[in-house]
There are 2 protein chains.
Amino acid sequence: MTSLARMLAILDLFDEGASVWTAEAIAGRLGYSLPTGYRYVRELSEAGLLRRDAGGTYVLGPRVIELDYRIRVGDPMIMAGQRVMRALADDTGCDVVLGTIYGERIVTIHQEHGGEGIAATYGRGRRMPLFRGMMSKVILAELPRPRLRRLHEHHREEAQGGTLPPDWEGLVLALKAVRKAGYSISQGELDPGLVGIAVPLVDKAHRLIAALGFAITGRRFATSDNARLVALLREAADRIARSLPATIAEQRPASRPRVRRAAHA
Amino acid sequence: MTSLARMLAILDLFDEGASVWTAEAIAGRLGYSLPTGYRYVRELSEAGLLRRDAGGTYVLGPRVIELDYRIRVGDPMIMAGQRVMRALADDTGCDVVLGTIYGERIVTIHQEHGGEGIAATYGRGRRMPLFRGMMSKVILAELPRPRLRRLHEHHREEAQGGTLPPDWEGLVLALKAVRKAGYSISQGELDPGLVGIAVPLVDKAHRLIAALGFAITGRRFATSDNARLVALLREAADRIARSLPATIAEQRPASRPRVRRAAHA
DNA sequence: CTGCTTTTCTCGTATGTTGATAAATTCATT
DNA sequence: AATGAATTTATCAACATACGAGAAAAGCAG
């Protein structure tokens, strides 16, 4: 493990539960010496990722908020998705959510409200349980086998509490079905009374990029045309995928003519 | 400069303009060797702070969105401010914003909409110009002299374009006045047609923590009772300051009895 | 499959990171 | 304001490990 990773591991501490830490507690928890703990915390604070709060405590820093803003206005995927998702929300009145997997976490990265005042528990930035909910199912279903395997091994306990079969064989079977169907409907798995419908969002090489989904009330779902909703999602997912910049050619800083390596130390 | 700081410097590249970078461009731009560039990018990607996009490009990662969520629901300052700010927005119909300074940046960290449909350019996460706008003025006015000095030196150019005197003596004088007044009103400095009113938010030791402000339309401002608005802000700022956890006693991970140093490697 | 680009590896060296201890802040309280 | 207790940084030698050059590997488009 590199010093870089050790430092970044500090951010993990803020993920669950505690949102306030002392440098001492951080060092103790992660097994770093006190000076090292302070060193890391200082570096992160200087980068704005942590903020020193009252009484020698540290909290996540304003830089995170700033970077989040940069994502909202600059991320290619969100930029491509926003318009389509907005239209979809307007047309249907449903909440539309976009989620993705990174590492071993599934997170909602964008959400457009449909105006029916759905108070979904799982809004933007919220981590989703791996084995329940429409998005997780549809994402897991598209994962390459080895990756799914690792995920399952690392999160055995969580798999127990999910709505998918907790054992490996059963899981694979269930996900195969989801993959075949091309969508997933989950009723009340995350919020009681809410129904989620999701489809995978894949690139032209059929690699999973994200999951796109509806959240609607159970009441409405009872009289809704599922096939139609799924079709709408598929269409929207397609549209988003197509409008994703294939390979951003523009980007290489215009000034620099493709240096082979750094010109200076 | 430590390797930690060098790695974190990569995040700066995403701050302005470009939101998509190749590893090669990053290495070139920051003067790192190619392997080092890739190493850093990999570490950041593994932490989720970057995400590998199509075509070997990298963008800010979903972890940022997740951390931002953690701030929204867990940051003591925002938690303390939210309720008060919401009430203030409801009572007045004005937009209410909370901003802070970190390093040499002033950023809006929370915003409550007043329902008058103000489309403020400077919402949550947006970096504000250092020398214009209500929040910047009120924040700079409370800064310790040496820190202000450094800020001014490092941002000479920006000071030119501000609405404060660009020269040091003039700046100090103007800010002294702001400090004495205890509030700042800026008309159309950020958004034409919008007026901002801000007061400093200080802790019991009178150290600056943040700035709390209103954004209202010029039309409304023309017939508004400024003294009253300022008083409302002051009261709210006080209430927020008082409800800030002085020293979070609860936090130290209950399990660990105040270790002197790490028990293991 | 075949070139191409992107990314990781290998490895010796030098640099930078580490932890114990001490010094210096900062902070709360009298 | 001053004291004492906290938090935070500095010192410094030993050691680990981050570094760069080049090569190899892995992805990727045609």
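Throughout, protein chains are lettered first and strands after them, A, B, ... in sequence-line order, and every chain is numbered starting at 1. Because the structure is predicted, anything quoted here is derived from the model rather than measured.
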OP1 or OP2 of C/dG19 versus the side-chain N and O atoms of A/Y40: is any pair under 4.0 Å? no
Look at the side-chain N and O atoms of B/R39 and state whether any lies under 4.0 Å from the OP1 or OP2 oxygen of C/dT7. no
Distance in angstrom units between [X] [atom1] and [N] [atom2], rounded:
{"X": "B/H206", "N": "C/dA28", "atom1": "NE2", "atom2": "P", "value": "13 Å"}
{"X": "A/L50", "N": "D/dT8", "atom1": "CG", "atom2": "C1'", "value": "15 Å"}
{"X": "A/L4", "N": "D/dA18", "atom1": "CG", "atom2": "P", "value": "7 Å"}
{"X": "A/Y32", "N": "C/dT17", "atom1": "OH", "atom2": "C1'", "value": "13 Å"}
{"X": "B/R42", "N": "C/dT6", "atom1": "CZ", "atom2": "C1'", "value": "13 Å"}
{"X": "A/L34", "N": "C/dA22", "atom1": "CG", "atom2": "P", "value": "15 Å"}
{"X": "A/Y38", "N": "C/dG19", "atom1": "OH", "atom2": "C1'", "value": "15 Å"}
{"X": "A/W21", "N": "D/dT8", "atom1": "CH2", "atom2": "P", "value": "15 Å"}

Between [options], which nucleotide has the shortest distance from any of its atoms to the side chain of [X]?
{"X": "A/R207", "options": "D/dT8, D/dC28, D/dA10", "result": "D/dC28"}
{"X": "B/E24", "options": "C/dT18, C/dT7, C/dT6", "result": "C/dT6"}
{"X": "A/A23", "options": "D/dT8, C/dA20, D/dC19", "result": "D/dT8"}

For A/R6 and A/R52, take the nucleotide of DNA chain D holding the closest heavy atom to each; which residue's nucleotide lies nearer the 5' end? A/R52
Across all chains, not counting sequence neighbours, the ring pair (Phe, Tyr, Trp, His ring centres under 6.0 Å) partners of A/Y40 are A/Y32
Starting from the 5' end of DNA chain C, give me the residue, B/T2 or B/Y58, whose nearest nucleotide shows up first. B/Y58
If you assign each of B/A205 and A/P35 to its closest nucleotide in DNA chain C, which residue comes earlier from the 5' end? A/P35
Give the angle between the helix axes at the two ends of the helix from C/dT17-D/dA14 to C/dT30-D/dA1, taking five base pairs at each end and rounding to 10°. 30°
Salt bridge [X]-[Y], side-chain N to carboxylate O under 4.0 Å:
{"X": "A/E46", "Y": "A/R42", "answer": "no"}
{"X": "B/R72", "Y": "A/D68", "answer": "no"}
{"X": "B/E43", "Y": "B/R39", "answer": "no"}
{"X": "B/R127", "Y": "B/D12", "answer": "no"}
{"X": "A/E66", "Y": "A/R70", "answer": "no"}

Could you tell me which non-hydrogen atom of [X] sits nearest to which non-hydrogen atom of [Y], and how far apart they are?
{"X": "B/V59", "Y": "A/P76", "answer": "CG1-CD, 3.8 Å"}
{"X": "A/I109", "Y": "B/P62", "answer": "CG2-CB, 4.1 Å"}
{"X": "B/A236", "Y": "B/L212", "answer": "CB-CD2, 3.7 Å"}

Answer yes or no: does atom CZ of B/R83 have more than 12 heavy-atom neighbours from other residues, nucleotides or ligands under 6.0 Å? no
Overall bend - the helix from C/dC1-D/dG30 to C/dT15-D/dA16, comparing terminal axes fitted on five pairs, nearest 10 degrees: 40°
